[in-house]
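Note that the coordinates shown come from a computational prediction; the quantities given were computed from them, not determined experimentally. Only this structure's heavy atoms are used, side chains among them; waters, hydrogens and symmetry mates stay out.
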Amino acid sequence: MFGKNNKQNDYLTLQFANKNDLWFHVQSFHGCHVILKLNGKDPDEDTIFKCALLAKQNSKANLDKNVSVDYTYIKFVKKAPGQKPGMVNYINYKTIIL
């Protein structure tokens, strides 16, 4: 699933997703939050790639080359008090270049 605007991004990331689901977002550009529901299973590399591509395609960097897409578990994604909708901070991430 992915959010089409800041409010949907907030909902998906902060309410819909479980702490062990994966979260994807393009580095340094406005774009959607992509959530990969894991349901206790380990994702394969192809699924991770497809989620990263979905994040890229639904961002301001969709036509760019060498776009960095970060992904991490939801438990490492936090919203600081007072941050605008859709804005989060995250740690312990990996990056895919598309």
Side-chain angles (χ1 to χ4, degrees):
M1 297 198 82
F2 67 93
K4 295 181 182 179
N5 58 48
N6 289 347
K7 289 183 180 181
Q8 287 181 6
N9 284 343
D10 262 8
Y11 169 76
L12 287 175
T13 301
L14 304 172
Q15 296 177 20
F16 174 78
N18 296 319
K19 67 179 182 174
N20 292 317
D21 292 336
L22 284 177
W23 174 89
F24 297 77
H25 192 275
V26 171
Q27 260 186 25
S28 305
F29 287 93
H30 292 285
C32 71
H33 294 194
V34 174
I35 304 298
L36 175 59
K37 297 292 282 180
L38 295 178
N39 298 318
K41 298 177 183 174
D42 291 327
D44 57 64
E45 288 184 28
D46 186 54
T47 302
I48 290 174
F49 176 83
K50 288 176 182 176
C51 289
L53 186 59
L54 185 63
K56 178 186 183 274
Q57 291 171 337
N58 290 280
S59 75
K60 298 285 184 181
N62 63 332
L63 300 177
D64 294 353
K65 294 182 179 181
N66 298 318
V67 174
S68 297
V69 178
D70 294 337
Y71 68 99
T72 189
Y73 290 100
I74 285 289
K75 63 185 172 187
F76 298 124
V77 180
K78 305 291 183 216
K79 184 171 191 78
Q83 277 186 311
K84 294 179 183 179
M87 299 294 293
V88 294
N89 301 316
Y90 55 97
I91 59 172
N92 298 342
Y93 61 92
K94 294 182 181 180
T95 303
I96 296 175
I97 309 295
L98 301 172

In one Ile/Leu/Val/Met/Phe/Trp/Tyr side-chain cluster, 4.5 Å: [X], [Y]:
X: V77; Y: F24; result: no
X: I35; Y: L38; result: no
X: M1; Y: Y11; result: yes
X: I48; Y: I74; result: no
X: F29; Y: I96; result: yes

Given the rule in the side-chain contact (heavy atoms from CB on, under 4.5 Å) test, do F49 and L98 qualify, once you have shown the distances and angles that lead to the verdict? CA-CA 9 Å; F49 176 83; L98 301 172; 3.1 Å; yes
Assess whether atom CD of E45 is packed by more than 12 heavy atoms of other residues, nucleotides or ligands within 6.0 Å.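 No.
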Spacing of [X] atom [atom1] and [Y] atom [atom2] [to the nearest 0.5 Å]:
X: L12; Y: Q8; atom1: CG; atom2: CD; result: 7.0 Å
X: K78; Y: L14; atom1: NZ; atom2: CG; result: 9.5 Å
X: K94; Y: L22; atom1: NZ; atom2: CG; result: 9.0 Å

Could you walk me through whether N9 and C32 satisfy the side-chain contact (heavy atoms from CB on, under 4.5 Å) test, starting with their C-alpha distance in whole Å, then the side-chain angles of each, then the deciding distance to 0.1 Å, before giving a yes or no? CA-CA 6 Å; N9 284 343; C32 71; 4.2 Å; yes
Over all heavy atoms of both residues, which pair between K37 and F16 is shortest? Give the atoms and the distance, please.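 Looks like NZ-O, 3.4 Å.
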Yes or no on side-chain hydrogen bond (donor to acceptor under 3.5 Å, both in side chains) for N62 and Q57, after CA distance, side-chain angles and deciding distance? CA-CA 5 Å; N62 63 332; Q57 291 171 337; over 6 Å; no
Is the backbone of [Y] close enough, under 3.5 Å, to the side chain of [X] for a donor and an acceptor to pair up by distance?
X: N18; Y: D21; answer: no
X: K75; Y: T72; answer: no
X: N58; Y: A55; answer: no
X: D64; Y: V67; answer: no

Let's go through N89 and Q83 carefully: what are the C-alpha distance in whole Å and the side-chain angles of both, what is the deciding distance for side-chain contact (heavy atoms from CB on, under 4.5 Å) to 0.1 Å, and is it a yes or a no? CA-CA 10 Å; N89 301 316; Q83 277 186 311; 3.4 Å; yes
Does this structure show an ion pair linking D10 with K79, if we count only N-O contacts that are shorter than 4.0 Å?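 Salt bridge flag = yes for K79 with D10.
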Determine the interplanar angle of the H33 and H25 rings, folded into 0 to 90°, and report it as parallel if under 30°, tilted if 30 to 60°, perpendicular if over 60°.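 Ring orientation of H33 relative to H25: perpendicular.
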Does the structure place the NZ or CZ of K19 under 6.0 Å from the centre of the six-membered ring of F76, at an angle of no more than 45° from the ring's axis?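 Geometry flag: not set, cation outside 6.0 Å or 45°.
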Is it true that W23 and Y90 have ring centroids separated by less than 6.0 Å?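 Judged by ring-centre distance (under 6.0 Å), W23 and Y90 do meet the cut-off.
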Before you tell me yes or no, could you show the steps for D70 and T95 under side-chain hydrogen bond (donor to acceptor under 3.5 Å, both in side chains), namely the whole-Å CA-CA distance, both residues' side-chain angles and the distance that decides it to 0.1 Å? CA-CA 4 Å; D70 294 337; T95 303; 2.7 Å; yes
